[in-house]
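Only this structure's heavy atoms are used, side chains among them; waters, hydrogens and symmetry mates stay out. Position 1 is the first residue of the sequence, and the numbers go up from there.
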Amino acid sequence: MRPLPAVFGGLALAHLGALLAGSAVALVTKPALMPLLAAYVLTRGGPRLLAVALLFGCGGDTLLQVGGDLPFLLGMASFAAGHGCYLVLCSRHGTPGSARTLPPALGYGSAWLVTVVLLWPDLEAGLRVPVALYSLLLVTMALRATRAGALAAAGGALFVVSDTLIATGVADWPQAPAPQFWVMLTYLGAQFLLAEGFLRSAEGAGRTPGPSSDKRERQRTASRASTMPKP
């Protein structure tokens with residue numbers, strides 16, 4: 001289990017570096033990132049649905065590299081399926097919403113409305129409704145992720161930032177230097193924080209203990225037995 005986060009981090013750095021250098025290596029490293037994170041989730045004994053969400057992210061990553069409206073829409077659909085998985089996980093882990101969710105709900109709702117209104121005239125006609133619906137699903141996921149703790153909440157917020165950067169690029173708005181670098185930096189942070197947040201939420205609830213928990217319990221039992229006086 002331990003090497004996987006290090007390998008993911010190393011590959012993420014290689015991918016980001018390739019983006020800054022304009023290297024074709026970025027095309028190869030991008031589709032490999034989410035499967036690594038999904039493998040980390042499974043080896044940690046996390047929910048399979050969490051791994052599925054990350055693999056849907058891999059599908060979106062791959063399709064968005066193709067270019068063109070149809071691959072973009074299919075990629076967006078793959079990400080939307082991942083958000084659906086996250087929403088199911090939110091209902092399993094964390095506590096129901098309360099009055100504390102009102103400020104973030106107002107914040108996400110306002111951000112969604114303002115962004116859609118501003119982007120609408122600059123989007124191609126065939127992309128306007130899909131982008132509006134997808135972004136609504138995205139902010140809903142980000143809001144519900146607050147139920148799974150601070151890490152998942154931060155991941156949801158970063159996902160909103162990352163996809164907003166993509167949307168402004170699709171609308172041909174002015175971009176910061178190396179725009180794909182910033183998109184992927186926020187996206188990778190979002191996915192890792194969501195994965196770690198849901199893992200900790202599940203483990204804290206005692207629903208999905210890690211695969212080594214039984215081994216640790218046997219070690220503790222043997223240690224206690226070795227200290228007991230022999231007859």
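Residue W120 forms a side chain to side chain contact (heavy atoms under 4.5 Å, CB included) with just one option from V116, D122, L118, and that option is V116.
Between the CD atom of E124 and the CG atom of D172 there is a distance of 8.5 Å, given to the nearest 0.5 Å. Note that OG1 of T62 and CE of M34 are 10.5 Å apart. Values are rounded to the nearest 0.5 Å. Atoms CG and CG, on L89 and L194 in that order, are 9.5 Å from each other to the nearest 0.5 Å. To the nearest 0.5 angstrom, Y40 atom OH is 10.5 Å from F8 atom CZ. Taken from CG in L138 to CE in M141, the straight-line distance is 5.0 Å, to the nearest 0.5 Å. With rounding to the nearest 0.5 angstrom, the OG1 atom of T186 is 11.5 Å from the CG atom of L193.
In terms of heavy atoms, L123 sits closest to A167 at CD2-O, 4.4 Å. Taking both residues in full, the closest heavy atoms of C58 and P31 are given as SG-O, 3.2 Å, listed atom of the first, atom of the second, then distance. The nearest pair of heavy atoms linking A148 to S201 is O-CB, 3.8 Å. Nearest approach of P177 to W182, heavy atoms of both residues: O-NE1, 3.1 Å. Summarising the geometry of A142 relative to V160, their closest heavy-atom pair is CB-CG2, 3.8 Å, with the distance given to 0.1 Å. Contact record, L50 with F198: CD2-CB, 3.9 Å, taken as the closest heavy-atom pair.
Each of L63 and L37 belongs to its own hydrophobic cluster when Ile, Leu, Val, Met, Phe, Trp and Tyr are linked at side-chain heavy-atom distances under 4.5 angstrom. In the hydrophobic clustering of this structure, V170 groups with L133; members are Ile, Leu, Val, Met, Phe, Trp, Tyr whose side-chain heavy atoms approach within less than 4.5 Å, directly or through other members. Clustering ILVMFWY residues whenever any of their side-chain heavy atoms sit less than 4.5 angstrom apart, transitively, puts Y108 in the very cluster that holds L137. Cluster membership for L119 and Y134, using ILVMFWY side-chain heavy atoms within less than 4.5 angstrom, is shared. Both L33 and L20 are part of a single hydrophobic cluster, where members link through side-chain heavy atoms under 4.5 Å apart.
Judged by distance alone, the side chain of S110 and the main-chain N or O of L106 form a donor-acceptor pair under 3.5 Å. Panel note: side chain Q191, backbone G189; no donor-acceptor pair is recorded below 3.5 Å. Put simply, the side chain of S135 gets close to the backbone of A132: a donor and an acceptor are under 3.5 Å apart. Side-chain atoms of W173 do not come within 3.5 Å of backbone N or O of L165 as any donor-acceptor pair.
Side-chain atoms of Q180 and Y187 include no donor-acceptor pair closer than 3.5 Å.
Ring-plane geometry between F159 and H83 is classed as perpendicular, the angle between the planes exceeding 60 degrees on a 0 to 90 degree scale with a lower cut at 30.
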(request) Would you please test F79 and D61 for side chain to side chain contact (heavy atoms under 4.5 Å, CB included) and show each step? (result) CA-CA 9 Å; F79 283 121; D61 292 338; 3.3 Å; yes
(request) Before giving the answer on side chain to side chain contact (heavy atoms under 4.5 Å, CB included), spell out for D163 and I166 the whole-Å C-alpha distance, their side-chain angles and the decisive distance to 0.1 Å. (result) CA-CA 5 Å; D163 280 4; I166 293 176; 3.8 Å; yes
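Inter-residue side-chain proximity for Q65 and P71 is flagged as unmet; no heavy-atom pair is nearer than 4.5 Å. A 4.5 Å side-chain heavy-atom check between T115 and T168 finds every atom pair outside the cut-off.
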